[in-house]
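What follows is a single structure, written as structure tokens, with notes after it.
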Protein chains: 2
Amino acid sequence: MGKAEAKDIFSDYVREKGLRNTRQREAILETFLSSGKHITVEDLYNSLRRKTPGIGYATVHRNLKLLCESGLANEIKVGTDKARFEIKYGHEHHDHLICIRCGRFIEVKDERIERLQDKLAEANDFVPVRHNKCFGRSRKGA
Amino acid sequence: MGKAEAKDIFSDYVREKGLRNTRQREAILETFLSSGKHITVEDLYNSLRRKTPGIGYATVHRNLKLLCESGLANEIKVGTDKARFEIKYGHEHHDHLICIRCGRFIEVKDERIERLQDKLAEANDFVPVRHNKCFGRSRKGA
DNA sequence: ACAATAATGATAATTGTTATCATTAAAACA
DNA sequence: TGTTTTAATGATAACAATTATCATTATTGT
Ligand SMILES: [Mn+2]
Ligand SMILES: [Mn+2]
Ligand SMILES: [Zn+2]
Ligand SMILES: [Zn+2]
């Protein structure tokens with residue numbers, strides 16, 4: 001699962017930016033890597049308090065942002081809801097389908113859509129950076 | 001441009017919901033129809049204060065939501081930024097390309113992407129409702 | 001060990017949105 | 001045309017997520 005590599009990458013990234021490796025940063029990455037997908041700052045904060053009592057919410061938030069900056073994590077913003085984060089390292093790009101009624105949140109991918117989106121962006125003088133999720137009503141449970 | 005029709009539609013929608021047509025609602029729709037695309041609540045509020053002094057921010061906000069409900073308007077949420085609204089009546093569906101650096105905000109449409117997105121949603125037991133914009137870096141000015 | 005300074009954690013500030021509520025005013029009705 | 005009902009309004013407070021502030025702590029290079 002490459003947890004060790006991820007830690008090295010982050011550690012290097014931090015050092016190369018002139019920042020410092022801290023106990024908290026290590027704990028945050030460790031717990032983040034062990035967490036499920038699409039978690040919020042609060043989710044991670046709550047998981048961490050058990051193992052790293054005293055850790056601050058702002059620290060978790062700041063470091064999730066830093067993880068995104070390093071390329072290891074990915075932020076998913078859904079409307080006005082809390083931001084969600086997922087591991088990017090070792091995971092392929094995918095889109096998300098989100099039910100506006102029950103919250104069902106799944107991952108999907110269509111290579112043709114991806115290519116067409118990139119072309120459309122480029123045809124309009126945009127360098128594609130990211131694109132957002134689709135919303136719908138799930139026909140499945142919940 | 002169908003301003004009169006839009007007003008009738010809204011007026012009817014309001015009446016049929018058991019709501020009331022008010023001076024403010026009329027002014028809000030009128031000014032909204034005369035405004036540019038992708039405006040915020042605040043934009044519209046500021047435009048309105050000139051012609052309808054004393055109008056409240058909450059009233060503008062509430063009625064923009066109501067306009068969306070009626071199908072005349074469309075809300076565009078970009079990340080955590082303020083919601084933007086555009087006229088839907090008489091306008092075709094389109095996507096948006098937004099520059100994360102300069103804010104360039106353009107409308108695009110690719111029928112193939114639309115169809116593939118719908119299929120992908122349906123294949124995953126979702127009834128498509130809406131989908132979000134793409135972000136990139138504009139190679140053009142600003 | 002020391003000095004320099006980044007990181008932390010508590011908390012306050014900010015921002016967009018939504019709720020509250022006393023007052024006003026549509027619109028149905030007498 | 002009054003009267004009554006109740007939705008709408010507008011001012012303001014509440015909320016929720018994010019971000020900023022700042023005194024204190026801790027990492028890193030010397
Ligand atoms: Mn994609
Ligand atoms: Mn579309
Ligand atoms: Zn995902
Ligand atoms: Zn548009």
Side-chain angles (χ1 to χ4, degrees), chain A residues 7 10-31 38-70 73 75-85 100 103, chain B residues 7 10-32 38-70 73 75-85 100:
Chain A
K7 286 182 182 179
F10 191 49
S11 173
D12 290 352
Y13 178 81
V14 165
R15 197 174 315 109
E16 275 157 34
K17 270 205 90 181
L19 307 178
R20 293 168 185 182
N21 283 294
T22 65
R23 201 168 55 80
Q24 290 91 336
R25 279 213 232 276
E26 166 125 21
I28 286 166
L29 178 51
E30 163 66 32
T31 305
H38 316 132
I39 65 171
T40 63
V41 179
E42 205 180 9
D43 290 339
L44 187 54
Y45 174 59
N46 287 329
S47 297
L48 277 159
R49 313 178 68 160
R50 301 182 208 124
K51 289 199 173 179
T52 316
I55 196 161
Y57 185 91
T59 300
V60 178
H61 186 279
R62 276 187 292 239
N63 280 292
L64 274 171
K65 293 283 190 184
L66 191 64
L67 278 168
C68 291
E69 226 183 276
S70 79
E75 181 173 353
I76 306 159
K77 280 202 182 141
V78 178
T80 326
D81 299 350
K82 309 183 180 189
R84 293 183 170 276
F85 297 84
I100 56 175
Chain B
K7 287 183 181 178
F10 191 49
S11 173
D12 289 352
Y13 179 80
V14 165
R15 198 175 312 110
E16 274 156 35
K17 271 204 89 179
L19 307 177
R20 293 169 185 179
N21 282 294
T22 64
R23 199 168 56 81
Q24 290 90 336
R25 278 213 233 275
E26 166 125 21
I28 287 166
L29 178 52
E30 162 67 31
T31 305
F32 178 60
H38 317 132
I39 65 171
T40 64
V41 180
E42 204 180 8
D43 291 338
L44 188 53
Y45 174 59
N46 287 330
S47 297
L48 276 159
R49 313 178 67 162
R50 299 183 210 127
K51 288 198 173 181
T52 317
I55 196 162
Y57 184 91
T59 300
V60 178
H61 185 278
R62 277 186 294 239
N63 280 294
L64 272 171
K65 292 284 190 183
L66 190 65
L67 278 169
C68 291
E69 228 184 273
S70 79
E75 181 174 352
I76 305 159
K77 280 202 182 141
V78 177
T80 325
D81 298 349
K82 309 183 178 188
R84 294 184 170 274
F85 297 84
I100 56 174

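Residue numbers start from 1 in every chain, and the chains themselves are labelled A, B, ... in the order their sequence lines are given, proteins ahead of strands.
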Okay, side chain of [X], backbone of [Y]: is any donor-acceptor separation there less than 3.5 Å?
{"X": "Thr22(A)", "Y": "Arg25(A)", "answer": "yes"}
{"X": "Thr52(A)", "Y": "Ile55(A)", "answer": "no"}
{"X": "Arg84(B)", "Y": "Val41(B)", "answer": "no"}
{"X": "Ser11(B)", "Y": "Lys7(B)", "answer": "no"}

Atom-pair distance ([atom1] on [X]; [atom2] on [N]), nearest Å:
{"X": "Leu66(A)", "N": "dA6(C)", "atom1": "CG", "atom2": "P", "answer": "14 Å"}
{"X": "Leu64(B)", "N": "dT17(C)", "atom1": "CG", "atom2": "C1'", "answer": "13 Å"}
{"X": "Arg23(B)", "N": "dA26(C)", "atom1": "CZ", "atom2": "P", "answer": "8 Å"}
{"X": "Asn21(A)", "N": "dG29(D)", "atom1": "CG", "atom2": "P", "answer": "10 Å"}
{"X": "Glu69(B)", "N": "dA8(D)", "atom1": "CD", "atom2": "P", "answer": "11 Å"}
{"X": "Ile28(B)", "N": "dT9(D)", "atom1": "CD1", "atom2": "C1'", "answer": "10 Å"}
{"X": "Tyr45(B)", "N": "dG16(C)", "atom1": "OH", "atom2": "P", "answer": "15 Å"}
{"X": "Lys77(B)", "N": "dT18(C)", "atom1": "NZ", "atom2": "C1'", "answer": "11 Å"}

Looking only at the side chain of [X] (C-beta and beyond, no hydrogens), which of the listed nucleotides [options] gets closest?
{"X": "Ala58(A)", "options": "dT18(D), dA20(D), dT17(C)", "answer": "dA20(D)"}
{"X": "Arg20(A)", "options": "dA4(C), dA10(C), dT17(C)", "answer": "dA4(C)"}
{"X": "Arg25(A)", "options": "dT9(D), dT17(C), dA7(C)", "answer": "dA7(C)"}

Looking across every strand, which nucleic acid part, if any, lies under 4.0 Å from Thr59(B) by heavy atom: base, sugar-phosphate, or nothing?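 Answer is base: heavy atoms of Thr59(B) come under 4.0 Å of a base.
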
Have a look at Lys65(A) and say if it touches a base, only the backbone sugar-phosphate, or nothing, with a 4.0 Å heavy-atom cut-off.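 It contacts sugar-phosphate atoms only.
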
Toward the 5' end of DNA chain C, by each residue's nearest nucleotide, Lys82(B) or Leu19(B):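 Result: Lys82(B).
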
If you assign Arg15(B) and Glu42(B) each to the DNA chain C nucleotide with the nearest heavy atom, which residue ends up on the more 5' nucleotide?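 Final value for this comparison: Glu42(B).
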
With nearest nucleotides of DNA chain D determined for Gly56(B) and Asp81(A) from heavy-atom distances, which residue corresponds to the more 5′ nucleotide?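 Taking each residue's closest nucleotide, the earlier one in sequence belongs to Gly56(B).
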
Do we see a donor-acceptor contact under 3.5 Å between the side chains of Tyr57(A) and Glu42(A)?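 No, Glu42(A) and Tyr57(A) have no side-chain donor paired with an acceptor closer than 3.5 Å.
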
Which heavy atom in Thr31(A) sits nearest to a heavy atom in Ser47(A), and how many Å separate them?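 Shortest heavy-atom separation between Thr31(A) and Ser47(A) comes out as CG2-CB, 3.7 Å.
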
If every non-hydrogen atom of Glu75(B) is compared with every non-hydrogen atom of Ala83(B), which pair is closest and at what distance?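 The pair with the smallest heavy-atom distance is OE2-CB, 3.3 Å.
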
Base dG10(D) to side chain Arg62(B), donor-acceptor N/O within 3.5 Å cut-off: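 Answer is yes: a donor-acceptor pair is held.
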
What's the angle between the local helix axes at either end of the helix from dA1(C)-dT30(D) to dA30(C)-dT1(D), using five pairs per end and rounding to 10 degrees?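 Both end axes considered, the difference amounts to 30°.
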
Does [X] place a side-chain N or O at less than 4.0 Å from the phosphate oxygens OP1/OP2 of [N]?
{"X": "Gln24(A)", "N": "dG9(C)", "answer": "yes"}
{"X": "Thr22(A)", "N": "dT8(C)", "answer": "yes"}
{"X": "His61(A)", "N": "dT19(D)", "answer": "yes"}
{"X": "Asn63(A)", "N": "dT8(C)", "answer": "yes"}

Glu30(A) bridged to Lys51(A) by N-O distance under 4.0 Å: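 No, no charged N to carboxylate O under 4.0 Å.
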
